[in-house]
Amino acid sequence: SNIMILLHRTDRAKSKLWRVLKSSCLSSTKTSGECISIKPNPTLADFIASSTKSKRFKNVQMNESVKSLSDFNLKVYVETYGCQMNVSDTEIVLSILKSAGHEHISTITDADVIITNTCAVRENAEDKVHNRLKYFHSLRKRNKTKGSKSYFPLVGVLGCMAERLKDKLLAEESVDFVCGPDAYRDLPRLLDSIISSIGSSDTDTYKAANTLLSMEETYADIRPVRLDNNSNAYVSIMRGCNNMCSFCIVPFTRGRERSRPFQSIIDEITALRNPINGNNLVREVTLLGQNVNGYHDISAESAAMFPTSVYKATVGFENLFKSKRRDLPGARFPDLLRAVADIDPELRIRFTSPHPKDFPDEVLDLIAERPNLCASLHLPVQSGSSSVLKRMRRGYTREIYLDLIDRVRQKIPEVTISTDVITGFCDETEQEHEDTLSLMQQVGFDQAFMFAYSLRDKTHAAHSELMRDSVDEATKQRRLKEIIEMFRSRLREKNQLQESGALRLVLLEGPSTRSGSVLTGRTDGNKRVLFPAAAVLTSLDRLDKKDLRPSDERVSCDSGDDLAMWLERGREDESALRKVLFSPFESIPTEVKTSLLSEGLTALLDSHPHAIALGAENTGQYVVVRILKADGPTLRGVALSLSSIAEFNRFLQTFPAAKL
């Protein structure tokens, strides 16, 4: 499709395309007799004519080691590293390969093809992939039989690492093909090319690659194959990034920003709410993009639907990338967010990863107004020092970022905020490091992704004469440790203050990894919660609230004995039950309270006439959980009732004291 688009452009573009095709599209250290011949400055007809000469699997004379493949339906095993975008891309890749007749499997030793979808943001991520490639190659060696050579499993590297290190990867003995993020449609042909060469004289050196970036590719017409049949789904809405932060490789591995057509996103999410083929009903969708809140669909259809749409940046933030396309009409992120929220009020919506510059008040107001837009925002700060932020080309200062934090919390009081932090960036001083620590102390983030700086080739920082990667590794690690300790300390304080005793609506995700008798899920604020698989009410409406007055909404207990008394009363009196369920018991020591309430509430609910057993079969349902322990990033509590977004919010409006 990229070829067809380019052929409709100028003669200069055609000539450039010819040069790229000769040098980059297919890599082979020997001349293959199967290579197609294309004359300089080709027309579309030349490509069509040449493509008909390309061998397909069914026409290939295979040697004995390949005949075991059933009708050339390859068994494909995939490993995914990095961000949620890579998970979404893997689902797209599997859809493409499935359409070509190949099968996704979960056992690596049975695979004909092993694919690793990679990340190139940090050196550590690439090191993991290199180690895995060695293991993949060992599997191929094991498949050798005496006197013959094994060509399987074939090994491919996809994603950002493939885009960044194409030639180096192809030089590795273990790698047979590489494919960049914008070339996944070409995977069946790449596999075809390699399979077709098996048994020929140049088999040992034949490799295939396509790492061409695209200005148009969004895979909007491909319905992903969902890897996990659970209640959560990722939906990609845009690709690429224009921000060009000096530390970041993403614009060079993912290309420029381009957004999916508005209606294709609405259609995909609508389909997720109509389960077919045994898939579970999706209850939570995460909108994805490298700069997700920079979404802007400029197609003719979108421009007709949103003719007066204008770009609005966050107050005080500077947009370093200048483009005339930004002022074109068409759907923008607030338009999409509003439309997605309207699909189903019981469908939770999240989005990542955004840039702080694209949070106009319209986005914040929407989140405050719509209960199904999760009050959980990712606001990557990267550094707390204005001077470092300037070297990073972030487009804001420390003060402007803190102003945004204040505005977010004013508009969305219950919001949780996560962030990214890089320590040890080029020429970072101790004072600049202290600025980051003080900002983290001041903000009190609910989640943070913290890393030591890793210089990436091609980035602005790698080529600038004004910046040096001068902070030694020991200093980077020491600063990183201090940042992590600051984050954890503030999180512990904040959780104990805001979460202990709180009622949270949790989307049940299933049994925890450690015990089948313990269930897990996430709050609206994206905090992990663990709670026992025990009896719960079928609905909050099962509580008798008609005689309750605001002054009776909490129980006053000074000791564990008092609490035990109220638990016993709750067995006979539903009014007392509600008080026990929703009172904070501030004066009782945490350990005593946690133990008594966990056992007492479980036993109390188990005897309730409107209670049911909660278990893994309830995965995908909303559960009201009383938080009992909040001394770390993972919360622990007791499930009280099944519920819904609408019911839970009605309950909190009726009994606001139940929030804490």
Exercise for review: Report the C-alpha distance between Tyr396 and Leu389 in whole Å, list the side-chain angles of each, state the deciding distance to 0.1 Å, and finish with yes or no for side chain to side chain contact (heavy atoms under 4.5 Å, CB included).
Suggested key: CA-CA 7 Å; Tyr396 55 86; Leu389 291 170; 3.7 Å; yes
Practice item. Go through Arg370 and Asp365 one step at a time and tell me if the salt bridge (charged side-chain N to carboxylate O under 4.0 Å, His left out) criterion holds. Key: CA-CA 9 Å; Arg370 306 294 179 96; Asp365 291 338; over 6 Å; no
Review point. Please walk me through it: do Leu287 and Ile269 pass side chain to side chain contact (heavy atoms under 4.5 Å, CB included)?
Key: CA-CA 10 Å; Leu287 307 178; Ile269 296 175; 3.9 Å; yes
Point to revise | Working for side chain to side chain contact (heavy atoms under 4.5 Å, CB included), residues Phe136 and Ile108 | key: CA-CA 9 Å; Phe136 300 157; Ile108 191 170; 3.6 Å; yes
Exercise for review: Show the numbers, then the answer: is there a side chain to side chain contact (heavy atoms under 4.5 Å, CB included) between Asn291 and Asn242?
Suggested key: CA-CA 8 Å; Asn291 185 32; Asn242 294 341; over 6 Å; no
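The closest side-chain donor-acceptor pair between Glu482 and His433 falls under 3.5 angstrom. Between the side chains of Ser438 and Arg398, a donor-acceptor pair is found at a separation under 3.5 Å. For the residue pair Asn86 and Thr80, no side-chain donor N or O sits within less than 3.5 Å of a side-chain acceptor on the partner. Counting only N and O atoms by type, the side chains of Asp435 and Gln431 include a donor and acceptor under 3.5 Å apart. A donor-acceptor contact under 3.5 angstrom links the side chains of Ser643 and Glu647, judged on distance only. Side chain to side chain, Ser236 and Ser88 fail the donor-acceptor criterion of an N or O pair below 3.5 Å. With no hydrogens or angles considered, a side-chain donor-acceptor pair links Ser470 and Asp427 at under 3.5 Å. Residues His378 and Asp420 bring a donor and an acceptor atom of their side chains to less than 3.5 Å of each other. For the residue pair Thr116/Arg132, the side-chain donor-acceptor check at 3.5 Å is not satisfied. At a cut-off of 3.5 Å, with distance as the only test, no side-chain donor of Tyr401 or Glu399 sits close to an acceptor on the other residue.
The minimum heavy-atom distance between Glu163 and Pro181, with the atom names listed, is OE1-CD, 3.4 Å. Of all non-hydrogen atoms in Leu272 and Ala233, the two that sit nearest each other are CD1-CB, 3.8 Å.
Judged purely by atom type and a 3.5 angstrom limit, Thr118 uses its side chain to pair as donor or acceptor with the backbone of Met161. With Asp472 contributing its side chain and Thr475 its backbone, the two residues share a donor-acceptor pair below 3.5 Å. No donor-acceptor distance shorter than 3.5 angstrom exists from the side chain of Ser641 to the backbone of Val624, with no hydrogens or angles considered. Between the side chain of Ser454 and the backbone N or O of Glu123, at least one donor-acceptor pair lies under 3.5 Å. In terms of modelled atom types and a separation under 3.5 Å, the side chain of Asn649 and the main chain of Ile645 share a donor-acceptor contact. Using modelled atom types, no side-chain atom of Thr520 and backbone atom of Ser512 make a donor-acceptor pair closer than 3.5 Å. With Ser231 contributing its side chain and Val282 its backbone, the two residues share no donor-acceptor pair below 3.5 Å. The backbone N or O of Ile417 sits nowhere less than 3.5 Å from a side-chain atom of Gln447 that would complete a donor-acceptor pair. Not one N or O on the side chain of Lys411 forms a donor-acceptor pair closer than 3.5 Å with the backbone of Leu364. Judged by distance alone, the side chain of Ser464 and the main-chain N or O of Ala461 form no donor-acceptor pair under 3.5 Å.
Ion pairing of Asp89 with Arg239 is present here, as a side-chain N (NZ or NE/NH1/NH2) and a carboxylate O approach within less than 4.0 Å. A salt bridge links Glu126 to Arg456: at least one charged side-chain nitrogen sits closer than 4.0 Å to a carboxylate oxygen. Between Asp524 and Arg504, no side-chain nitrogen of the basic residue sits less than 4.0 Å from a carboxylate oxygen of the acidic one, so the salt-bridge criterion is not met. With salt bridges taken as basic N to acidic carboxylate O contacts below 4.0 Å, one links Glu284 and Arg522. Ion pairing between a basic and an acidic side chain is recognised when a charged N comes within 4.0 Å of a carboxylate O; Glu493 and Arg490 show such pairing. Note on Glu91 versus Arg226: no salt bridge recorded, every NZ/NE/NH1/NH2 to OD/OE distance being 4.0 Å or above. Taking a cutoff of 4.0 Å between a charged side-chain nitrogen and a carboxylate oxygen, Glu499 and Lys527 qualify as a salt bridge. With respect to Glu428 and Arg479, a salt bridge is recorded, a charged nitrogen being found less than 4.0 Å from a carboxylate O.
No more than 12 heavy-atom neighbours from other residues, nucleotides or ligands sit within 6.0 angstrom of NZ on Lys312. Within a 6.0 Å sphere centred on CD of Glu362, other residues, nucleotides and ligands contribute more than 12 heavy atoms. The neighbour count for Lys128 NZ, taken as heavy atoms of other residues, nucleotides or ligands under 6.0 Å away, does not exceed 12. In Arg488, the CZ atom is not crowded: 12 or fewer heavy atoms of neighbouring residues, nucleotides or ligands sit closer than 6.0 Å.
Contact of the Leu320 side chain with the Met244 side chain is not registered, since no non-hydrogen atoms from C-beta on lie closer than 4.5 Å. At a threshold of 4.5 Å between non-hydrogen side-chain atoms, the residues Val529 and Phe531 count as touching. The shortest side-chain heavy-atom distance between Leu505 and Thr523 does not fall under the 4.5 Å cut-off. Looking at Ile400 and Thr314, their side chains never come closer than 4.5 Å, going by heavy atoms from C-beta outward. In this structure the side chain of Leu373 never reaches within 4.5 angstrom of the side chain of Val340, judged on heavy atoms. In this structure the side chain of Ser387 reaches within 4.5 angstrom of the side chain of Arg391, judged on heavy atoms. Ser383 is not listed as a side-chain neighbour of Glu432, based on a closest heavy-atom distance of 4.5 Å or more. Side-chain contact between Val421 and Gln382 is absent, with no heavy-atom pair separated by less than 4.5 Å.
Looking at Lys357, Gln290, Arg393 one by one, the single match for side-chain contact (heavy atoms from CB on, under 4.5 Å) with Asn243 turns out to be Lys357. None of Thr416, Ile367, Thr352 except one satisfies the side-chain contact (heavy atoms from CB on, under 4.5 Å) rule with Leu377; the exception is Ile367.
Atom CG of Leu652 and atom CZ of Arg650 lie 11.0 Å apart (nearest 0.5 Å). A distance of 9.0 Å separates CE in Met392 from OG in Ser385, rounded to the nearest 0.5 Å. Rounding to the nearest 0.5 Å places CZ of Arg254 at 11.0 Å from SG of Cys248. Of the inter-residue distances, the one linking Phe247 atom CZ with Ile422 atom CD1 reads 4.0 Å to the nearest 0.5 angstrom. The structure places CG of Asn495 at 9.5 Å from CD1 of Ile627, a figure rounded to the nearest 0.5 Å. Going from atom CD of Glu485 over to atom CG of Leu480 covers 10.0 Å, rounded to the nearest 0.5 Å.
Ring planes of Phe425 and Tyr453: perpendicular class, angle over 60° (limits at 30 and 60°). Between Phe351 and Phe333, the angle of the ring planes goes over 60°, which puts this pair in the perpendicular group of the 30/60° scheme.
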